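One structure below.
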There are 2 protein chains.
Amino acid sequence: MNYSRQRESIKEYLMSTKEHPTADIIYQHVREEYPKISLGTVYRNLTLLVEVGEVRKISTGDGTEHYDADTSAHSHYYCRCCHRVMDLEITPSVDQILAASSAGLGTVESANLLFTGVCKECMESQN
Amino acid sequence: MNYSRQRESIKEYLMSTKEHPTADIIYQHVREEYPKISLGTVYRNLTLLVEVGEVRKISTGDGTEHYDADTSAHSHYYCRCCHRVMDLEITPSVDQILAASSAGLGTVESANLLFTGVCKECMESQN
DNA sequence: TTAAAAATAGTAATAATTACTATTTTTAGT
DNA sequence: ACTAAAAATAGTAATTATTACTATTTTTAA
């Protein structure tokens with residue numbers, strides 16, 4: 001994998017935010033630095049970065065994928081109302097991961113725990 | 001929500017399988033009983049059933065959603081090679097769920113733990 | 001039995017993502 | 001620095017999953 005400024009910019013933006021943005025949001029931001037970048041480039045690089053483990057993909061089921069440059073073990077909280085993804089410090093316990101990998105299933109490359117609910121802000125604006 | 005034979009057939013098929021099928025697979029199966037059912041009907045009913053809590057949606061990030069009529073607390077193992085979703089008996093611990101709901105985030109309606117890796121069968125066929 | 005409400009089939013539309021290709025950028029060796 | 005091969009890009013077209021729309025059919029409750 002060769003260096004590319006566009007990929008660096010994508011990484012930089014992702015590392016600077018805690019928003020767990022979608023490909024399109026990332027595109028909009030990177031466009032400020034590289035106005036000619038194409039959405040395909042964003043997608044291709046996100047896929048690459050996920051493959052080499054520098055970025056995490058978060059699937060909430062809301063119709064589009066979210067991305068996170070924080071690859072440390074942590075979980076997420078998804079609000080089905082405002083569609084935001086927030087960090088949680090808790091992580092799947094080692095017990096659980098071991099139970100899975102020793103269950104004879106195969107390799108376990110990642111374990112993601114996703115909580116879904118309605119966040120405080122959304123409840124206050126009574127949706 | 002009124003009764004419909006198509007919705008019953010969807011539920012019936014989902015309850016009969018452990019395959020965690022996608023909307024399209026469900027469509028193909030229900031079509032054997034109701035050849036005129038449309039894919040839109042499958043989608044609409046799946047969305048409804050998820051809303052009332054009779055069906056679980058499983059987002060693996062493989063480009064399409066998977067569905068499961070087993071709503072008991074359990075986790076899943078996803079093989080990124082053959083794209084199958086398998087059941088795991090382990091569930092997110094009560095501690096984790098409480099930690100999340102008491103973290104002042106909002107309501108916690110569901111907690112899903114998803115393991116991803118390469119399953120035994122796929123490793124044997126050396127992919 | 002009947003009329004209102006809900007659901008359906010069939011089709012069109014949308015939105016996210018991937019594929020393709022000619023051009024540009026990066027890299028490794030000179 | 002110079003250059004050729006390899007990799008990456010922009011721009012666009014194509015694909016795929018999902019949703020929206022509408023005229024017709026089914027379900028339900030009186």
Side-chain angles (χ1 to χ4, degrees), chain A residues 1-14 19-52 54-68 78 80-85, chain B residues 1-14 19-52 54-68 78 80-85:
Chain A
M1 170 157 66
N2 277 354
Y3 167 90
S4 100
R5 322 172 222 176
Q6 290 87 339
R7 189 185 304 128
E8 281 310 301
S9 181
I10 289 167
K11 273 165 68 175
E12 214 168 89
Y13 169 62
L14 260 182
E19 300 281 314
H20 309 88
T22 62
D24 195 66
I25 300 282
I26 295 165
Y27 172 61
Q28 286 169 41
H29 279 265
V30 175
R31 219 148 49 135
E32 289 169 16
E33 191 178 4
Y34 294 100
K36 305 209 123 192
I37 197 173
S38 78
L39 190 52
T41 298
V42 174
Y43 272 107
R44 185 167 25 74
N45 280 297
L46 285 171
T47 302
L48 272 170
L49 292 168
V50 168
E51 269 169 22
V52 300
E54 291 191 57
V55 165
R56 251 170 102 168
K57 185 161 89 163
I58 304 161
S59 302
T60 65
D62 73 349
T64 180
E65 304 292 336
H66 295 251
Y67 296 88
D68 189 354
Y78 169 70
R80 66 166 169 73
C81 180
C82 62
H83 306 285
R84 283 186 301 164
V85 176
Chain B
M1 172 157 66
N2 277 355
Y3 168 90
S4 99
R5 321 172 224 175
Q6 290 88 337
R7 188 184 307 128
E8 281 310 300
S9 182
I10 290 167
K11 274 166 68 175
E12 214 168 88
Y13 168 62
L14 260 183
E19 300 280 314
H20 309 88
T22 62
D24 196 65
I25 301 282
I26 295 166
Y27 173 60
Q28 286 169 41
H29 279 265
V30 174
R31 222 151 46 135
E32 287 168 19
E33 191 179 3
Y34 293 99
K36 305 210 123 193
I37 197 173
S38 77
L39 189 51
T41 298
V42 173
Y43 273 107
R44 184 168 25 74
N45 280 298
L46 286 171
T47 301
L48 272 170
L49 291 167
V50 168
E51 269 168 20
V52 301
E54 290 190 57
V55 165
R56 251 170 102 168
K57 185 161 87 163
I58 304 162
S59 302
T60 65
D62 73 349
T64 180
E65 304 291 336
H66 295 252
Y67 296 89
D68 188 354
Y78 170 70
R80 66 166 168 75
C81 180
C82 64
H83 305 285
R84 282 186 301 163
V85 176

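To find a chain, count down the sequence lines: A is the first, B the second, and so on, and within it residues start at 1. In this text, all values refer to a predicted model and were calculated from it rather than measured experimentally.
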Asn45(B) CG - dA7(C) C1' separation (whole Å): 8 Å
Could you tell me which residues satisfy ring-ring contact (aromatic ring centres under 6.0 Å, His included) with Tyr13(A), sequence neighbours excluded, listed by chain and number? His29(A)
Rounded distance (Å) that lies between atom C1' of dA8(D) and atom CG of Leu49(A): 13 Å
In whole angstroms, the gap separating P of dA9(C) from CD of Glu33(B) amounts to 12 Å
For Arg84(B), salt bridge (Lys or Arg N to Asp or Glu O under 4.0 Å) partners two or more places apart: Glu121(B)
Base contacts versus sugar-phosphate-only contacts with protein, heavy atoms under 4.0 Å: please encode nucleotides 12-30 of chain D as B, S and - from 5' to 3'. -----SBB------SSS--
I would like to know whether Met1(B) and Val52(B) meet side-chain contact (heavy atoms from CB on, under 4.5 Å); could you show each step before the answer? CA-CA 10 Å; Met1(B) 172 157 66; Val52(B) 301; 4.0 Å; yes
Rounding to a whole Å, what distance do you find between His83(A):NE2 and dA15(C):P? 14 Å
Considering just the side-chain nitrogens and oxygens of Lys36(B), establish if one lies under 4.0 Å of OP1 or OP2 belonging to dG10(C). yes
For Gln28(A) and dA16(C), what is the distance between atoms CD and P respectively, to the nearest whole Å? 11 Å
Computed from five pairs at either end and rounded to 10 degrees, the angle between the axes of the helix from dT1(C)-dA30(D) to dT30(C)-dA1(D) is 50°
For Thr60(A), what residues pass the side chain to side chain contact (heavy atoms under 4.5 Å, CB included) criterion, not counting sequence neighbours? Ile58(A), Asp62(A), His66(A), Tyr78(A), Val85(A)
Whole-Å distance, Tyr27(A) OH to dA15(C) P, equals 16 Å
From OH of Tyr34(A) across to C1' of dG11(D) the rounded distance in Å is 19 Å
For Arg44(B), which residues count as a side chain to side chain contact (heavy atoms under 4.5 Å, CB included) partner, sequence neighbours excluded? Thr41(B)
Going by salt bridge (Lys or Arg N to Asp or Glu O under 4.0 Å), name the pairs with one or both residues in residues 4-14 of chain B, residues two or more places apart or in two chains. Glu8(B)-Lys11(B), Lys11(B)-Glu54(B)
Between CD on residue Glu19(B) and CD1 on residue Ile25(B), distance to nearest 0.5 Å: 9.0 Å
Under the side chain to side chain contact (heavy atoms under 4.5 Å, CB included) test, which residues partner Val50(B), sequence neighbours left out? Val55(B), Lys57(B), Tyr67(B)
Listed by chain and number, what are the side chain to side chain contact (heavy atoms under 4.5 Å, CB included) partners of Tyr27(B), not counting sequence neighbours? Asp24(B), Arg31(B), Ile37(B), Leu39(B), Val42(B)
